[in-house]
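For reference, the structure is listed below as structure tokens.
Computed from a predicted structure; not experimentally measured.
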Amino acid sequence: MFIAKRRTVVTVAAVAAVLLAGALAVTLTQGSGQASGVTYVDGNNAQRVYTVGHRPLAPDFTASSLTGTRISLASYRGKAVVLNFWGSWCPPCRAEAPTLAVLAEQYRSQDVSFLGDDVGDTTANALAFTHDIGITYPSVNDANYSIVQEFSQVVPVGYTPTTVVIDPTGHIAGLVIGPVTYQGMTTILHDVAASR
């Protein structure tokens with residue numbers, strides 16, 4: 001009986017030590033704003049920059065745009081791409097859209113292309129939304145979330161909106177989970193330009 005109680009105490013102590021070490025590692029990682037190849041923009045883990053050598057390859061896709069044109073991600077190779085996952089039904093997407101429209105115009109001459117992935121939406125609603133906001137860059141129709149599913153295998157793309165920044169080699173260099181901010185996106189794009 002005494003031996004069984006002693007084993008229980010030793011087991012509980014070992015589990016507690018492992019949990020404490022794990023909590024300490026998480027705290028240190030969050031406090032530094034970095035984790036194995038990831039830098040958090042302004043300490044916000046929803047805005048990430050992946051360092052060169054730690055950038056996952058973006059899944060290639062070909063899909064129809066909202067206007068019926070076929071678009072392939074591979075055709076953008078050699079340029080940085082800002083890929084925004086959005087839907088006209090999504091209030092945070094509506095809130096961030098003017099910022100994306102301004103950034104797209106600002107970075108047009110700097111070899112940065114903007115592309116939208118319209119999820120769970122109708123073409124009519126999506127086109128009306130882009131027209132109202134003044135978004136001039138194309139969006140592909142992803143009504144069944146197939147492109148979202150491909151990207152979610154390599155980075156956390158499960159929340160709308162999410163924005164992925166792809167470097168000219170086709171690797172994911174940055175990620176914003178939730179609405180973008182002008183400052184956050186310019187920081188990520190500056191980092192991508194500096195790493196070329």
*asked:* Working note: Thr136 + Glu105, criterion side chain to side chain donor-acceptor pair (under 3.5 Å); need CA distance, chi angles, decisive distance, verdict.
replied: CA-CA 9 Å; Thr136 58; Glu105 290 302 317; 3.1 Å; yes
Donor-acceptor contact below 3.5 Å, side chain [X] vs main chain [Y]:
{"X": "Ser65", "Y": "Thr69", "answer": "yes"}
{"X": "Asp167", "Y": "Ala173", "answer": "no"}
{"X": "Thr51", "Y": "His54", "answer": "no"}
{"X": "Thr186", "Y": "Tyr182", "answer": "yes"}
{"X": "Arg55", "Y": "Tyr50", "answer": "yes"}

Distance, nearest 0.5 Å, that separates [atom1] of [X] from [atom2] of [Y]:
{"X": "Leu73", "Y": "Ser113", "atom1": "CG", "atom2": "OG", "result": "10.0 Å"}
{"X": "Asp117", "Y": "Asn84", "atom1": "CG", "atom2": "CG", "result": "8.5 Å"}
{"X": "Leu103", "Y": "Arg108", "atom1": "CG", "atom2": "CZ", "result": "12.5 Å"}
{"X": "Arg94", "Y": "Asp132", "atom1": "CZ", "atom2": "CG", "result": "7.5 Å"}

*Check the angle between the aromatic planes of Tyr137 and Phe114 and answer parallel, tilted or perpendicular using the 30° and 60° thresholds.*
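Tilted.
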*Assess whether side-chain contact (heavy atoms from CB on, under 4.5 Å) is satisfied between Met185 and Val176, documenting all intermediate values.*
CA-CA 8 Å; Met185 282 302 299; Val176 177; 3.9 Å; yes
_One pair to check against side-chain contact (heavy atoms from CB on, under 4.5 Å): Ile135 and Leu100. What are the steps and the verdict?_
CA-CA 8 Å; Ile135 291 175; Leu100 287 166; 5.6 Å; no
Could you check whether any side-chain heavy atom of [X] comes within less than 4.5 Å of a side-chain heavy atom of [Y], counting everything from C-beta outward?
{"X": "Val165", "Y": "Leu175", "answer": "no"}
{"X": "Phe61", "Y": "Leu83", "answer": "yes"}
{"X": "Thr160", "Y": "Cys93", "answer": "yes"}
{"X": "Pro156", "Y": "Arg48", "answer": "yes"}

How about [X] and [Y]: does a side-chain donor come under 3.5 Å of a side-chain acceptor?
{"X": "Glu96", "Y": "Thr181", "result": "no"}
{"X": "Asp121", "Y": "Ser88", "result": "yes"}
{"X": "Asn144", "Y": "Gln149", "result": "no"}
{"X": "Trp86", "Y": "Ser139", "result": "yes"}
{"X": "Thr62", "Y": "Arg70", "result": "no"}

*asked:* Apply side chain to side chain donor-acceptor pair (under 3.5 Å) to residues Asn141 and Ser64 and explain how you reach the verdict.
replied: CA-CA 6 Å; Asn141 183 293; Ser64 292; over 6 Å; no
*In this structure, which one of Leu57, Val155, Val81 forms a side chain to side chain contact (heavy atoms under 4.5 Å, CB included) with Ile172?*
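Exactly one candidate clears the test, Val155.
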Indicate the atoms forming the closest heavy-atom contact of [X] with [Y], along with that distance.
{"X": "Thr130", "Y": "Leu127", "result": "OG1-O, 3.0 Å"}
{"X": "Gly120", "Y": "Trp89", "result": "O-NE1, 3.1 Å"}
{"X": "Asp60", "Y": "Ala74", "result": "OD1-N, 3.0 Å"}
{"X": "Ile177", "Y": "Thr162", "result": "CA-OG1, 4.2 Å"}
{"X": "Pro161", "Y": "Pro179", "result": "CG-N, 3.7 Å"}
{"X": "Pro168", "Y": "Val192", "result": "CD-CG1, 4.4 Å"}

_For Gln183, is the CD atom crowded, meaning more than 12 foreign heavy atoms sit under 6.0 Å from it?_
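Not buried by this count: 12 neighbours or fewer within 6.0 Å.
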*Can the ring centres of Phe151 and Phe85 be said to be less than 6.0 Å apart?*
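So the answer is yes for these two rings.
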*List the steps and the verdict of side-chain contact (heavy atoms from CB on, under 4.5 Å) for Asp118 and Asp142.*
CA-CA 5 Å; Asp118 177 39; Asp142 192 14; 6.0 Å; no
*What's the verdict on side-chain contact (heavy atoms from CB on, under 4.5 Å) for Leu189 and Val82, showing C-alpha distance, side-chain angles and the deciding distance?*
CA-CA 9 Å; Leu189 290 169; Val82 176; 3.8 Å; yes
